[in-house]
Asker: 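If you scroll down you'll find the structure; I have some questions about it.
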Amino acid sequence: MAVIQHETTIAEAADRLSRELPGHRVEILQGRLTVTPPADGAHAESLTWLTEEFFTAGARQAGLRYLQAIGLWLPSGPDDFAVPDFSIVDADFRDAHVEKNCYAPHVFRMVLEVTSSNWADDLGPKVDCYAQAGIPVYLVADRRHDEAVLYTDPRAGEYRSRKSFKRGMSVPLPEQVGLRLELSVDRLLDGDEG
């Protein structure tokens, strides 16, 4: 009897892991499969606080949507995609659907990551991937190093500007986001404790 072998592609492996590990985030970054466990409470509170801040700032009236865990198709590899914690996208983002619940990079104004156990991905491969995708603003609430880091001005696959913000400071969002808003570093790192 002949044995037929089937090599699993990275995309098939990602699909299988997504089904087998509910609540985990599965991404393919630079051809590498990554899996992140569910977030802790402070992480979740940071995202809830961000939703409230963008609502109050009038993001919807400005033609923007603020979304958690929406897929972003990446040009860094044929199967690459990320699932940022929080994204600001154009209101018509649904017209830019690519596949697998992922959307084309051109509708993303900003992506934000709150670091967890995968902090090295947020500060390494994702910086490169998001710059290559032309995401205008990438903000990292870096809980490992106790700061917020703002990347802007993507050109030729790199962010030309990197600014760090410490506790007690606020991060002013660049005009490319599409509305005026300053975000508290403390709340980005710790969540809404109020």
Asker: What heavy-atom pair brings Gln30 and Pro125 nearest, and what distance separates the two atoms?
Answerer: OE1-CB, 3.5 Å
Asker: Regarding Asp122 and Arg143, does a basic nitrogen lie under 4.0 Å from an acidic carboxylate oxygen?
Answerer: no
Asker: I'd like to check Tyr130 versus Pro105 (side-chain heavy atoms, cut-off strictly below 4.5 Å). Are they in contact?
Answerer: no
Asker: Can you tell me how far apart CZ (Arg16) and CG (Leu21) are? Round to the nearest 0.5 Å.
Answerer: 9.5 Å
Asker: Check whether any side-chain heavy atom of Val83 lies under 4.5 Å from a side-chain heavy atom of Leu72, and answer yes or no.
Answerer: no
Asker: According to side chain to side chain donor-acceptor pair (under 3.5 Å), does anything in residues 68-84 pair up with another residue at least two apart or in another chain? List the pairs.
Answerer: Thr51-Gln68, Ser76-Asp80
Asker: If you compare all heavy atoms of Leu67 against all heavy atoms of Ile70, which two are closest, and at what distance to 0.1 Å?
Answerer: CD1-CD1, 3.5 Å
Asker: Apply side chain to side chain donor-acceptor pair (under 3.5 Å) to residues Arg162 and Ser164 and explain how you reach the verdict.
Answerer: CA-CA 7 Å; Arg162 179 192 185 279; Ser164 296; 3.1 Å; yes
Asker: Take Val140 and Leu112 through the test side-chain contact (heavy atoms from CB on, under 4.5 Å) and record every step on the way to the result.
Answerer: CA-CA 6 Å; Val140 183; Leu112 182 139; over 6 Å; no
Asker: Are Trp119 and Phe165 in one and the same hydrophobic cluster, where Ile, Leu, Val, Met, Phe, Trp and Tyr link if side-chain heavy atoms are under 4.5 Å apart?
Answerer: no
Asker: Does Ser46 use its side chain to pair, donor to acceptor, with the backbone of Arg187 at less than 3.5 Å?
Answerer: yes
Asker: Counting neighbours of CZ on Arg180 that are heavy atoms of other residues, nucleotides or ligands and sit closer than 6.0 Å, is the number greater than 12?
Answerer: no
Asker: Looking at side-chain heavy atoms only, is the closest gap between Gln176 and Arg109 below 4.5 Å?
Answerer: no
Asker: Does any part of the side chain of Ile28, heavy atoms only, come nearer than 4.5 Å to the side chain of Thr34, both counted from C-beta?
Answerer: no
Asker: Given Tyr151 and Glu158, is the side chain to side chain donor-acceptor pair (under 3.5 Å) satisfied, shown in steps?
Answerer: CA-CA 9 Å; Tyr151 296 91; Glu158 295 180 354; over 6 Å; no
Asker: Look at atom NZ of Lys163 and say whether more than 12 heavy atoms of other residues, nucleotides or ligands are closer to it than 6.0 Å.
Answerer: no
Asker: Please work out which of the three classes, parallel, tilted or perpendicular, describes the rings of Tyr103 and Phe93, given edges at 30° and 60°.
Answerer: perpendicular
Asker: Out of curiosity, Asp85 CG to Thr36 OG1, how far, rounded to the nearest 0.5 Å?
Answerer: 8.5 Å
Asker: Does a sphere of radius 6.0 Å around CZ in Arg32 hold more than 12 heavy atoms from other residues, nucleotides or ligands, not counting ones at 6.0 Å or beyond?
Answerer: yes
Asker: Taking atom types as modelled, find out whether His145 and Asp142 have a side-chain donor-acceptor pair closer than 3.5 angstrom.
Answerer: yes
Asker: Kindly compute the distance separating CG (Leu123) from CG (Asp128), expressed to the nearest 0.5 Å.
Answerer: 11.0 Å
Asker: Provide the closest heavy-atom pair for Ser161 versus Asp153 in the form atom of the first, atom of the second, distance.
Answerer: N-CB, 4.5 Å
Asker: Quick check: are there more than 12 heavy atoms from other residues, nucleotides or ligands sitting under 6.0 Å from CD of Glu20?
Answerer: yes
Asker: Are Val177 and Val107 connected into the same hydrophobic cluster when the rule is that any two of I, L, V, M, F, W, Y join if their side-chain heavy atoms are below 4.5 Å apart?
Answerer: no
Asker: Out of curiosity, does Ile10 fall in the hydrophobic cluster containing Leu29 (side-chain heavy atoms, cut-off under 4.5 Å, transitive links)?
Answerer: no
Asker: For residues Phe81 and Glu27, report the shortest heavy-atom separation together with the two atoms involved.
Answerer: O-CB, 3.6 Å
Asker: Stepwise, does the side-chain contact (heavy atoms from CB on, under 4.5 Å) test hold for Leu188 with Leu139?
Answerer: CA-CA 10 Å; Leu188 285 168; Leu139 179 58; 4.1 Å; yes
Asker: Any side-chain heavy-atom pair from Val26 and Leu33 closer than 4.5 angstrom?
Answerer: yes
Asker: Kindly compute the distance separating CG (Leu47) from CD (Glu113), expressed to the nearest 0.5 Å.
Answerer: 9.5 Å
Asker: Do Val111 and Leu74 land in one hydrophobic cluster if side-chain heavy atoms of ILVMFWY residues count as linked below 4.5 Å?
Answerer: yes
Asker: For the residue pair Leu150 and Pro174, establish whether any side-chain heavy-atom pair is separated by less than 4.5 Å.
Answerer: yes
Asker: State, to 0.1 Å, how close Asp90 and His106 come at their nearest heavy-atom pair, and which atoms those are.
Answerer: OD2-O, 4.0 Å
Asker: Would you compute the distance between atom CD of Glu53 and atom CG of Leu173 and round it to the nearest 0.5 angstrom?
Answerer: 10.0 Å
Asker: By ring-ring contact (aromatic ring centres under 6.0 Å, His included), which residues pair with Tyr66, not counting sequence neighbours?
Answerer: none
Asker: Linking I/L/V/M/F/W/Y whenever any side-chain heavy atoms sit under 4.5 Å apart, do Val89 and Leu181 land together?
Answerer: no
Asker: Can you tell if the side chain of Leu64 reaches within under 4.5 Å of the side chain of Leu179, non-hydrogen atoms only?
Answerer: yes
Asker: State plainly whether the residues Lys100 and Glu12 are in salt-bridge range, i.e. N to O under 4.0 Å.
Answerer: no
Asker: Which atom pair, heavy atoms only, marks the closest approach of Phe108 to Pro136?
Answerer: O-CD, 3.3 Å
Asker: Can you tell me if CG on Asn101 sees more than 12 non-hydrogen neighbours from other groups inside 6.0 Å?
Answerer: no
Asker: Less than 6.0 Å separating the ring centroids of Phe54 and Phe86?
Answerer: yes
Asker: With sequence neighbours excluded, what pairs up with Arg144 under the salt bridge (Lys or Arg N to Asp or Glu O under 4.0 Å) test?
Answerer: none
Asker: Does the His43 side chain pair with the main chain of Val114, one donor and one acceptor, at a distance under 3.5 Å?
Answerer: yes
Asker: Between Arg167 and Glu147 (salt bridge meaning N to carboxylate O under 4.0 Å), is one present in this structure?
Answerer: no
Asker: Compare all side-chain heavy atoms of Met110 with those of Ser87 and state whether any distance is below 4.5 angstrom.
Answerer: no
